[in-house]
Amino acid sequence: MHNIKDGRKSGIPLENNKYKQKKLLRMVIGNPPLSWYSLDNKNAERKDKMRAKVIALLNEKGGVGKSTTAATTAYLLARGGKKVLLIDLDGQGHASLLCGVQNTNQLQETTASLLNRIIRGERLPEADSFLLRHKGVDLIPSNSQLFALERNLANADFRETKLRELMEQFREAYEYILIDCMPNGGTAQINAMLSADELGIPTQAEVFSTVGLTQLSRHIALIQKNTGHPLKIAGGL
């Protein structure tokens, strides 16, 4: 597993804005907000029955803070003693950049390459060859190869479940898996929804963000109706 050195432009807020940090943790862990001491105790209690809670951060409008929310939440959970995996499911790779990854397009193994292996029915490489670590968070990075995912999924059997197939191989190794999703809809977004236990929806108080939220709400309802997947909304930010 590779450790990423902190960069000056990592972009993850650490100590500022305590209120937003607590709000993120309440959304992910639940109420009442837990102290770091109680988080450590719960971590110890769950070691023998660990199965990750999966949260997808998405909105069909770009620029609303999905990547920042995903990276910051992952960091806060890791700081509280949780085992956290962050999956970058956006071809822009912003979550990867926030986690200190540079030159993402030079990476050999990314979310896209792993999903392509799943599509072709191939075995995954050893986790140490593609997992990156930053501030206690394990990361599956992304780059522009992910923009071809929709095309690669087009002829795949059960194409809506390929991300879930990938993620199932990590669920018993972590307590939380966070998925930073691309802003557009399509098969990749359906994959994220069918993989997640809950959704976190970053948004902004402006008209286009509201339109994106309306479209997303419609798609969530369709997923719940047509698949029976018990998808919950953890909260909006």
Enquirer: Starting from I118, can I reach I177 by hopping between I/L/V/M/F/W/Y residues whose side chains sit under 4.5 Å apart?
Expert: yes

Enquirer: Give a yes or no on whether a salt bridge exists between R51 and E168, defined as a side-chain N under 4.0 angstrom from a carboxylate O.
Expert: yes

Enquirer: If I compare all heavy atoms of L89 with all of A192, which pair ends up nearest, and what's the gap?
Expert: CD2-CB, 4.0 Å

Enquirer: Which atom names give the shortest non-hydrogen contact between F130 and P125, and what distance separates them?
Expert: CE2-O, 3.5 Å

Enquirer: Given side chains that start at C-beta, do those of L86 and C99 come closer than 4.5 Å, heavy atoms only?
Expert: yes

Enquirer: Compare every heavy atom of R159 with every heavy atom of N191, then report the nearest pair and how far apart it is.
Expert: ND2-O, 2.8 Å

Enquirer: Check for a donor-acceptor pair, side chain of E150 on one end and backbone N or O of T187 on the other, with a separation under 3.5 Å.
Expert: yes

Enquirer: Tell me, do L178 and I87 make a side-chain contact under 4.5 Å, heavy atoms counted?
Expert: no

Enquirer: When you measure from the centre of the six-membered ring of Y174, is the NZ or CZ of K83 closer than 6.0 Å and no more than 45° off the axis?
Expert: yes

Enquirer: So, D138 and R133, do they make that salt bridge, N to O below 4.0 Å?
Expert: yes

Enquirer: Does the distance from a Lys or Arg side-chain N to an Asp or Glu carboxylate O, for D157 and K162, drop under 4.0 Å?
Expert: no

Enquirer: With distance as the sole test, does D180 use its side chain to make a donor-acceptor pair with the main-chain N or O of A70 at under 3.5 Å?
Expert: no

Enquirer: Not counting sequence neighbours, which residues clear side-chain contact (heavy atoms from CB on, under 4.5 Å) with R120? List them please.
Expert: N116, R117, E122

Enquirer: Any sub-3.5 Å donor-acceptor pair from S96's side-chain atoms to S142's backbone N or O?
Expert: yes

Enquirer: So do D197 and I55 actually touch side chain to side chain, heavy atoms under 4.5 Å?
Expert: no

Enquirer: Within a strict 4.5 Å, meaning less than it, do heavy atoms of the L98 and T68 side chains meet?
Expert: yes

Enquirer: Looking at CD1 of I119 and CG of L114, how far apart are the two atoms once the value is rounded to the nearest 0.5 Å?
Expert: 11.0 Å

Enquirer: Could you pull out the closest heavy-atom pair between N152 and A156, with the gap in Å?
Expert: O-CB, 4.3 Å

Enquirer: Who pairs with N143 by side chain to side chain donor-acceptor pair (under 3.5 Å), at least two apart in sequence or on another chain?
Expert: none

Enquirer: With the side chain counted from C-beta on, respond yes when F170 and I140 share a heavy-atom pair under 4.5 Å apart, and no when they do not.
Expert: yes

Enquirer: When you measure from the side chain of S195 to the backbone N and O of R164, does any donor-acceptor pair fall under 3.5 Å?
Expert: yes

Enquirer: Is the shortest side-chain heavy-atom distance between T73 and L76 below 4.5 Å?
Expert: no

Enquirer: Roughly how far, to the nearest 0.5 Å, is the CG atom of L115 from the CD atom of E165?
Expert: 9.5 Å

Enquirer: Mind checking what makes side chain to side chain donor-acceptor pair (under 3.5 Å) contact with R123, not counting sequence neighbours?
Expert: none

Enquirer: Determine, for E175 against K53, whether the closest basic-nitrogen to carboxylate-oxygen distance falls under 4.0 angstrom.
Expert: no

Enquirer: Mind jotting down which residue pairs meet the salt bridge (Lys or Arg N to Asp or Glu O under 4.0 Å) criterion with at least one end in residues 85-105? Sequence neighbours excluded, please.
Expert: none

Enquirer: Do you know which two heavy atoms are closest between K66 and P183, and how far apart they sit?
Expert: NZ-CB, 3.9 Å

Enquirer: Is the count of non-hydrogen atoms from other residues, nucleotides or ligands lying under 6.0 Å from N105 atom CG greater than 12?
Expert: yes

Enquirer: For the residue pair C181 and Q189, establish whether any side-chain heavy-atom pair is separated by less than 4.5 Å.
Expert: no

Enquirer: To the nearest 0.5 Å, what is the distance between CG (L57) and CG (L199)?
Expert: 9.0 Å

Enquirer: Please list, chain by chain and in numerical order, all residues satisfying side-chain contact (heavy atoms from CB on, under 4.5 Å) with Q106, sequence neighbours excluded.
Expert: N103

Enquirer: Is there a side-chain contact between Q92 and F147, using heavy atoms and a 4.5 Å cut-off?
Expert: yes

Enquirer: Check whether T72 reaches the backbone of T69 with its side chain - one donor and one acceptor, N or O, closer than 3.5 Å.
Expert: no

Enquirer: Check side chain to side chain donor-acceptor pair (under 3.5 Å) between E172 and all other residues, then give those that pass, not counting sequence neighbours.
Expert: none

